[in-house]
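Computed over heavy atoms, backbone and side chain alike; hydrogens, waters and symmetry mates excluded. Given the structure is predicted, the values throughout are model-derived calculations rather than measurements. Letters go in sequence order (proteins before strands), and every chain restarts at 1.
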Amino acid sequence: MSRKLELAAVFLSPAVLCAALLIAGQTTLLAAAVATGIIWLLAANSGKSSYISACFAVILLLAFLADNSGVSPSLLLLSVSLALAAWDLSRFAARLSRLTPPEYAARLERLHLQRLGQTLAAGLAAGLAAIMIRVEVGFIPEMILAVLAFITLSYLVRGLSAIPLETDN
Amino acid sequence: MTSRAFLIIFLIFGLLFLGISLPLALPGTADAPNGRGGSIVVLALPLIIYLAVASLNRPRKIDLQGERALNREKILPGAPVDMQVQIRNQGPSAEELEISDHLPYGLEVTEGDIACLTSLQTGEETALNSTLSGLRGDYIFGAMSARSTETFGLFELNTQFTAAGNLVIHPTPMRFKPMPIRPPQTRGFAGPIPSRQGGAGVDFLIVREYQPGDPLRQINWKISARHEAAMYTTIYEQQRIADIGIILDSRMQCDIRSGKQQLFENSVRAAGALAELFLDDGNRVGLLVYGASMSFAFPGMGKIQRERILETLARAQTGFSYALEKLDYIPTRFFPPRSQIILISPLTNDDVPVLGFLRAQGYAVMAISPDPIKFEAGTQPVTSADEIARRCAQVERMYMFNALRRAGIQVVDWDITQPLEPLVRAAVMSTRRIGAVIA
């Protein structure tokens with residue numbers, strides 16, 4: 001199940017991006033998106049995880065470049081979300097096929113797909129809300145917000161990195 | 001955190017950085033149709049939420065308890081043994097738990113799995129079932145590792161826990177038929193070994209003049225009839241058990257390895273076969289493994305002693321020790337006086353005086369020497385230069401054996417491609433009966 005969803009997401013993510021770029025008439029980016037999509041599909045079939053991660057990053061980069069070229073942000077958001085799903089499912093499928101006995105696979109798959117679906121739905125909803133709700137912020141407050149965001153994220157990352165390893169057994 | 005988490009964080013920071021810096025770097029972009037910088041930040045939102053969900057569900061503690069069960073604890077090399085490891089989660093629920101068992105070196109999995117990815121609720125159990133086989137050895141199972149992650153696999157927690165177990169793989173057996181050895185001294189109990197003492201027995205020992213008290217049925221009437229003034233009695237030889245000490249040489253310098261083959265394994269098999277042979281005959285057998293350290297199976301009899309010896313042999317490994325580099329420190333008190341000692345060793349020239357010393361102390365010494373030269377020649381391609389070297393080494397070895405024989409030591413030169421039993425039997429049968437003590 002997760003394998004089929006992964007391939008579907010791998011196909012749809014560049015496809016949505018391509019559609020958005022086609023609408024905007026960005027042929028260069030369109031060609032790059034098509035190439036990335038093909039490479040990703042091949043990598044997903046052969047299970048090369050480093051290529052898959054690279055393709056995911058490239059899709060994000062293309063989305064960023066497309067955003068600068070006036071492409072619909074909603075479609076870009078959808079494409080990024082699908083790319084995230086495809087990247088996540090590829091790694092999950094790899095873990096599952098490597099170690100899991102069949103009797104445990106269905107349970108893990110159900111939990112994972114449920115959690116992933118909820119997360120992506122929340123991400124899409126938040127993104128769409130952010131696109132629709134527009135707030136005018138001046139330069140100074142924007143800078144303050146940016147600095148605050150960086151500091152918060154830095155603390156978050158530092159805090160997560162410091163999680164001790166459990167060795168109590 | 002895993003590398004995946006770092007990738008997500010890197011991408012989030014990259015998008016945020018671009019989203020914030022772009023309006024500043026390119027004046028006027030903020031007024032663009034999409035409000036460009038802002039929408040780039042929007043692209044980061046699914047990633048941020050993905051990271052936040054993973055962080056909220058990250059594993060905080062692993063508490064696992066493992067129990068290992070083997071269907072047999074003592075097997076022979078190559079024989080299958082079924083193993084089940086039951087793992088119980090005593091801590092909080094684990095969304096994804098990767099459990100791996102670490103097998104000791106020398107064992108391999110022939111069927112089943114020793115690792116799995118599963119999810120375990122609190123109090124829930126899972127089992128790893130596998131079939132193992134391996135080489136000779138004493139294997140102690142211990143540590144297992146577990147890696148717990150949330151379902152996205154961004155945050156992980158590692159731990160180790162114990163599932164104890166022990167598997168002994170005895171040496172491959174060789175079966176010998178009973179053979180008569182002749183140690184200088186036997187023990188007081190009836191057994192299969194002629195004791196060189198007159199008494200109750202079936203084998204003829206000697207005829208001597210009749211003495212009052214001799215049973216009438218032992219009078220040798222034929223010889224008595226030829227003599228007018230005297231009568232003669234047939235004396236039979238008592239059969240008793242003997243003390244036998246087996247010394248297995250596990251010094252590194254006496255071992256030769258070629259690929260997966262090891263000369264020492266043949267020595268171990270020979271020691272096991274001889275121990276079983278002598279124990280089956282009711283003798284008292286002890287084992288000394290002399291190498292990196294000394295390990296013992298103190299002299300004893302019966303099935304329990306057989307198990308002790310086989311377990312000691314299962315644990316035997318070659319090794320080096322400066323202190324035990326030569327055989328000088330063989331603890332002779334370990335072996336009862338004038339008992340039979342069997343040394344299994346490829347032998348070096350330095351060992352000759354030590355064996356001579358043992359012989360001089362009154363022990364009956366037999367040296368079984370697996371031939372290292374033929375073993376090496378049989379496992380590697382031989383060039384003409386090698387052939388000359390091999391012949392020189394063979395001559396040196398023959399010279400060493402001659403020196404041992406002159407000291408009264410039985411020597412068995414064992415080409416390991418040939419069966420050992422006929423060689424030992426020939427050495428035993430050729431032993432001269434040295435004197436006899438009449439009771």
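- With a 4.5 Å cut-off on non-hydrogen atoms, A/Arg115 touches chain B through its backbone and its side chain both.
- Between chain B and the residues A/Leu116, A/Val80, A/Leu84, the most heavy-atom pairs under 4.5 angstrom are made by A/Leu84.
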Side chain to side chain contact (heavy atoms under 4.5 Å, CB included) between A/His112 and B/Glu96, intermediate numbers included: CA-CA 10 Å; A/His112 188 89; B/Glu96 272 187 29; 4.2 Å; yes
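- Around atom CD of B/Glu307, more than 12 heavy atoms belonging to other residues, nucleotides or ligands sit under 6.0 Å away.
- Applying the side-chain contact (heavy atoms from CB on, under 4.5 Å) criterion to B/Val168, with sequence neighbours excluded, gives B/Lys74, B/Asp138, B/Asn166, B/His170, B/Glu311, B/Ala314.
- Both the backbone and the side chain of A/Leu77 have a heavy atom closer than 4.5 Å to some heavy atom of chain B.
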Exercise answer: donor-acceptor pairs, residues 9-22 of chain A side-chain atoms, under 3.5 Å, sequence neighbours excluded:
from: A/Ser13; atom 1: OG; to: A/Ser79; atom 2: O; distance (Å): 2.9
from: A/Ser13; atom 1: OG; to: A/Ala83; atom 2: N; distance (Å): 3.3

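- At a 4.5 Å heavy-atom cutoff, B/Ser148 makes no contact with chain A through either its backbone or its side chain.
- Of the possible polar contacts, none joining the B/Asp113 side chain to the B/Ala115 backbone as a donor-acceptor pair under 3.5 Å is found.
- Heavy atoms closer than 4.5 Å to chain A are found in the side chain of B/Ile12, but not in its backbone.
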